[in-house]
Amino acid sequence: MRSHVTDVEALGALRPLEIATYLRASGWIERPAPFGEALAWHTADEDYEVLLPLSRRAPDFLLRVSDLLATLAAQEERSEPELLRDLSLSTADVVRVRVQPTQSDDGTISLDDGVALVENARALVLAAACSTVRPQALYPTRKPADAAEYIRRVRLGQTERGSFIVTVVSPVAPILDVPPPGQLFPDTREPFERRVTRTLMGALSAAHEAAQDVIGRGAGIAAFREVVGQGVSANLCDAIVGIAGDAGRPMSVRMAWSLARPMNVATVEPEVTFDPDALTVLNEASRLLKESAPLDGVTLVGSITRLDRSTDDGPGEVVLTAAIPEISGNAPRGIKIALNEGPYHEALVAHDRGYLVTVTGDLRKEGRQWWLEQPRDLSFQPSD
Amino acid sequence: MHVTQRQEQFSRAFVQAVASPAGFHCSTPPVDDDSIDLSLAARGGGGTVRAPRLEMQVKCTTTPHYVGSALHFPLPLKNYNDLRHTDVLVPRILVVVVTDPAPTRWIEIAPPDSTIRECGYWASLRGQPATSNAVSVTVALPLANEFTPMALANIMNDIANGVAP
């Protein structure tokens, strides 16, 4: 607890706005400082006092920030490194994804596991972003524009000790009390970024509850279909399972809301944990959601393996043997497509010549059979 | 310990000895700063620092050069430039401790009247002009500016009232 942060780069990277946000949210009171471009802050009981430079150009910026950190750490009874981290993240929602590594005690995990962890942490947040745009059971490779654009703004923070923790940083605009120019009232709508993090925690809680329903109360896997509206998707379930890894280690997700935009924590669970039993249920739930989910705008590549026409000309049905990556990886499936006369003839030719077929459409499942509806953008090429 | 290191330690101890009866806490900045050796302040909660605050560069000399009513001291250029800033958040001064060439004469224990040699002098370089010197600047510290508990208390009092030395 007494370790002083002497990392000049880390201290120098702090921005006055981040520190001020943190101080204000923690109940410190500001007043003008006697010297230089600065603010003096004190605790309500006036026992503690800090000087906050308003410009990084102040000659004693580093000295002052170092003092500030020491005083804050003493007042909060926390370590300086921890505080430094919180100060620099005070203007973002921070998602901490935590796994328990299997063998090592030295704070490391295998590189392969690490890569999977980061990739799935991204998938987790992206799934929540998709559900924020429009809740559905499964999202195709091509995600809604708002979600795809949001995920590009999300940052990866430094990993932290304590099992193994991956930090995902979602910057969020602070609440402003003043109306934007041209408006009468302050903007109180929740920005998209905050809706995503809120959806994430809500969906995780709902998935957790649904898993408990299945394990403890004998509910059917259909319990998961009922929480799609709360942001649970096959993509989310896959990400959670992916984070836990092959060994199915327990994992948890903890959210720290930006201090610049306080959250009513009574309405959203800030931390959700999944144990190995819940993970098994999630795996199954994901499979189920995929199997029954309609998937629009999917592009398939494969070969025509059957043709069916009751008359010599006119429309007919073909079977395209192709993989559906979103659902079953590389394993090919037979997908039926109803085609009009022209496209059917083209398919016939493609079949004869052994061409590869590319087609886009909306996937639906009827019983055990997959159908591609609204087929469009049909194209062929010789396979090599 | 090399003699210059001993001088350095002694001069800091001297400042601390003056600061203590005046009621101010002395500390070394946790972040390395070439020009600030000591930080003086009142004590806040949990051992933290609070206003009034003063930072200083502390030097030692055993061969003082007196000119008129001032002590002339060659201050390295970097220190000179760092001490003349006008936009620091905590005021800063230079203190030069004059002592005897022989370390055995720095402090003489003879109860009830022990002796510490010899005196510290302070000066503020705030707002001083830039210089074309390449190595050092000769600073004149008024001999009237003895660094005593009373003098320190006055400086801190002024600071508390928003007046920088």
Side-chain angles (χ1 to χ4, degrees), chain A residues 1-14 16 19 28 31-81 83-84, chain B residues 24-58 77-94 124-128 130 155-165:
Chain A
M1 282 248 282
R2 277 277 141 215
S3 62
H4 283 299
V5 171
T6 50
D7 181 344
V8 165
E9 266 183 44
L11 289 172
L14 281 176
I19 304 174
W28 290 66
R31 62 173 171 230
F35 307 104
E37 215 183 303
L39 284 175
W41 295 78
H42 61 273
T43 49
D45 58 12
E46 304 237 13
D47 276 353
Y48 296 87
E49 213 177 85
V50 292
L51 280 174
L52 173 65
L54 291 177
S55 161
R56 300 246 288 263
R57 286 187 315 268
D60 51 346
F61 181 83
L62 282 177
L63 285 167
R64 300 293 70 88
V65 170
S66 172
D67 286 337
L68 187 149
L69 196 58
T71 300
L72 207 45
Q75 191 258 344
E76 291 198 16
E77 292 178 20
R78 290 212 284 155
S79 78
E80 284 191 28
L83 208 34
L84 178 64
Chain B
F24 296 104
H25 175 63
C26 230
S27 60
T28 337
V31 179
D32 237 339
D33 187 302
D34 297 333
S35 294
I36 300 300
D37 297 316
L38 286 178
S39 183
L40 272 61
R43 277 262 200 190
T48 59
V49 294
R50 70 183 308 153
R53 306 183 52 186
L54 175 69
E55 290 185 328
M56 58 181 59
Q57 160 105 134
V58 183
L77 182 65
K78 182 180 192 309
N79 297 149
Y80 175 76
N81 283 326
D82 284 343
L83 289 175
R84 65 185 190 85
H85 286 301
T86 53
D87 51 349
V88 287
L89 278 51
V90 172
R92 35 179 72 175
I93 59 174
L94 171 69
S124 167
L125 304 183
R126 185 170 58 88
Q128 289 294 307
I155 293 171
M156 292 301 234
N157 201 42
D158 285 345
I159 289 174
N161 289 322
V163 176

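Here is the naming used below: chain letters follow the sequence lines, and residue numbers restart at 1 for every chain.
- Taking 4.5 Å as the limit, every side-chain heavy atom of A:Glu49 sits out of range of all side-chain heavy atoms of B:Val49.
- Looking at B:Arg50 and A:Asp47, no side-chain N of the basic residue comes within less than 4.0 Å of a carboxylate O on the acidic one, giving no salt bridge.
- Of the two parts of B:Asp33, only the side chain, counted from C-beta on, holds a non-hydrogen atom closer than 4.5 Å to a non-hydrogen atom of chain A.
- In this structure, the salt bridge (charged side-chain N to carboxylate O under 4.0 Å, His left out) partners of A:Glu76, at least two apart in sequence or on a different chain, are A:Arg78.
- With a threshold of 4.5 angstrom between heavy atoms, A:Asp60 approaches chain B through its backbone and through its side chain.
- Ranking A:Pro59, A:Ala58, A:Ser55, A:Pro34 against chain B, the residue ahead of the rest is A:Pro59, based on heavy-atom pairs under 4.5 Å.
- In terms of heavy-atom pairs under 4.5 angstrom with chain B, the leader among A:His42, A:Gln75, A:Glu46 is A:Glu46.
- Considering A:Leu62, A:Leu63, A:Asp67 in turn, A:Leu63 is the only one that fulfils the side-chain contact (heavy atoms from CB on, under 4.5 Å) rule with B:Pro29.
- For the options B:Gly44, B:Ser27, B:Pro91, B:Gly47, heavy-atom pairs under 4.5 Å to chain A are most numerous at B:Pro91.
- Between chain A and the residues B:Asp87, B:Val90, B:Val31, B:Val88, the most heavy-atom pairs under 4.5 angstrom are made by B:Val88.
- Residue A:Asp7 places its CG atom among more than 12 non-hydrogen atoms of other residues, nucleotides or ligands, all under 6.0 Å distant.
- Expressed to the nearest 0.5 Å, how far CZ of A:Phe35 lies from CZ of B:Arg92 amounts to 13.0 Å.
- Summarising the local packing, CZ of A:Arg57 is surrounded by 12 or fewer heavy atoms from other residues, nucleotides or ligands at distances under 6.0 Å.
- Across every non-hydrogen atom of B:Gly46 and A:Ala74, the tightest pair is O-CB, 4.0 Å.
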List the atom pairs, donor and acceptor, that lie under 3.5 Å between side-chain atoms in residues 157-165 of chain B and the rest of the protein, sequence neighbours left out.
| residue | atom | partner | partner atom | Å |
| --- | --- | --- | --- | --- |
| B:Asn161 | ND2 | B:Asn157 | O | 3.2 |

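- Of all non-hydrogen atoms in A:Gly36 and B:Leu89, the two that sit nearest each other are CA-CD1, 4.4 Å.
- Only the backbone of A:Leu52 comes within contact range of chain B, with at least one heavy atom under 4.5 Å from a heavy atom of that chain.
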